[in-house]
J.: 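Here it is, the structure in full.
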Amino acid sequence: MNKELRSAVIAGNWKMNCGPAAAKALIEDLKPLCVNAECDVIVCVPFVDLHVALEATKGSNIKVGAQNCHWAESGAFTAEISAGMLKELGVEYVILGHSERRQYFGETDVTVNQRLRAALNAGLKPILCVGEVLEQREQGVTEEIVRMQTKIALQGVSEEEMKNIIIAYEPVWAIGTGKTATAEQADEVCGQIRKVLAELYSEAVAQATTIQYGGSMKPSNAKELLGKEHVDGGLIGGAALKAADFFGIIDAAK
Ligand code: PEP
């Protein structure tokens with residue numbers, strides 16, 4: 001329908017990989033490859049790499065994101081990082097609600113919403129992750145789960161603020177497992193998310209919002225996934241750690 005209205009965005013989620021030296025080297029490898037990229041390219045790096053990544057990407061078309069932020073502006077939250085701190089550093093994007101945060105660190109839809117609102121208030125652009133676990137897919141409740149996660153995460157978010165949000169549909173059973181959702185499954189759920197946005201906001205917001213797929217995307221399956229009507233980009237884990245593989249996906253977004 002309106003795929004051309006939306007920016008294609010390929011974002012790498014480096015997770016807990018690469019210290020500052022490896023981060024610099026990976027970005028230096030990526031820079032020449034990405035010069036003619038026909039999509040937005042983001043690298044979401046560990047907190048300790050942000051400074052190096054911001055320096056290394058200066059003057060290039062690669063943007064930098066973090067992988068989480070806290071909901072409070074400051075205070076007694078040992079080891080946490082606020083959205084304002086990221087903004088002050090020059091960070092543009094932040095991944096929120098990643099399934100690993102939900103699974104291992106007790107994050108809930110409510111805390112994801114709090115973090116998302118804090119990120120927007122600080123001027124960051126959130127990449128909001130939603131997705132079902134295998135049991136939920138097998139129980140036939142994928143749509144309900146993804147609808148609920150999306151609706152709670154977006155509570156209190158205005159239509160204007162939606163311009164700064166990317167949503168990533170990441171079926172948890174496909175993350176880091178080598179199992180990819182079929183292009184049809186990815187398209188179906190991304191379409192369901194778009195329908196929720198139309199209900200919550202308007203058809204215009206639904207058509208303008210970038211919705212990525214994430215879950216074992218690699219150069220060999222990227223073209224088919226990215227060719228689907230509702231799949232506007234990818235959130236990439238493992239394949240973002242090798243410049244050639246990440247570029248293979250960026251190239252498939254043409
Ligand atoms: C992710 O961590 O968001 C992800 C999609 O990982 P992978 O590509 O390794 O499945």
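Here the structure is a predicted model, which is why all the values come from computation and not from measurement. One-based numbering, in listed order, for ligands and for the atoms of each.
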J.: Looking only at protein heavy atoms, which one is nearest to atom 8 (O) of ligand 1, and how far off is it?
T.: G237 N, 2.8 Å
J.: With heavy-atom distances below 4.5 Å as the criterion, would you say the side chains of T57 and K63 are in contact?
T.: no
J.: I'd like to know if the side chain of S99 pairs up with that of E170 as donor and acceptor (distance under 3.5 Å, no hydrogens or angles considered).
T.: no
J.: Please write down residue, atom name and distance for the protein heavy atom closest to atom 3 (O) of ligand 1.
T.: E170 OE2, 2.6 Å
J.: Closest non-hydrogen protein atom to atom 1 (C) of ligand 1, residue and atom name please, with distance?
T.: H98 NE2, 3.3 Å
J.: Can you tell whether the side chains of R194 and D232 come within less than 4.0 Å, N to carboxylate O?
T.: yes
J.: Run the numbers for me: atoms of ligand 1, each under 4.0 Å from some heavy atom of A174, listed by number.
T.: 10 (O)
J.: Does a sphere of radius 6.0 Å around CD in E199 hold more than 12 heavy atoms from other residues, nucleotides or ligands, not counting ones at 6.0 Å or beyond?
T.: yes
J.: If the threshold is 4.0 Å, N to carboxylate O, is there a salt bridge linking D109 and R102?
T.: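 So D109 pairs with R102 through a salt bridge.
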J.: Could you tell me whether I175 approaches ligand 1 through its side chain, its backbone, both or neither, with non-hydrogen atoms closer than 4.0 Å?
T.: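 I175 to ligand 1: contacts from backbone and side chain alike.
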J.: Checking a contact table here: which protein heavy atom is nearest atom 9 (O) of ligand 1, and how many Å away?
T.: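 I find the closest protein heavy atom is G238 N, 2.8 Å.
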J.: Looking only at side-chain N and O atoms, does W173 offer a donor or acceptor that is under 3.5 Å from a partner on E132?
T.: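 Yes, a side-chain donor-acceptor pair sits under 3.5 Å.
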J.: Enumerate the atoms of ligand 1 whose separation from the nearest heavy atom of N13 is less than 4.0 angstrom.
T.: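 Heavy-atom distances to N13 below 4.0 Å select 1 (C), 2 (O), 3 (O).
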J.: Give a yes/no verdict on whether any heavy atom in A239 is under 4.0 Å from an atom of ligand 1.
T.: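 Under 4.0 Å: no for A239.
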J.: Could you list the atoms of ligand 1 found under 4.0 angstrom from a heavy atom of S216?
T.: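 Within the 4.0 Å cut-off of S216, ligand 1 contributes 7 (P), 8 (O), 10 (O).
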J.: Are any of the side-chain nitrogens in K254 or E38 under 4.0 Å away from the carboxylate oxygens of its partner?
T.: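 Answer for the salt bridge query: no.
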J.: Heavy-atom count check: over 12 atoms from other residues, nucleotides or ligands less than 6.0 Å from K242 NZ?
T.: no
J.: Looking only at distances, can you tell me whether any N or O atom of E100, backbone or side chain, sits closer than 3.5 Å to an N or O atom of ligand 1?
T.: no
J.: Under 4.0 Å from any heavy atom of G176, which atoms of ligand 1 are there?
T.: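 Within the 4.0 Å cut-off of G176, ligand 1 contributes 7 (P), 9 (O), 10 (O).
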J.: Under a 4.0 angstrom heavy-atom cut-off, which atoms of ligand 1 come close to G215?
T.: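 Ligand 1 atoms under the 4.0 Å threshold to G215: 5 (C), 10 (O).
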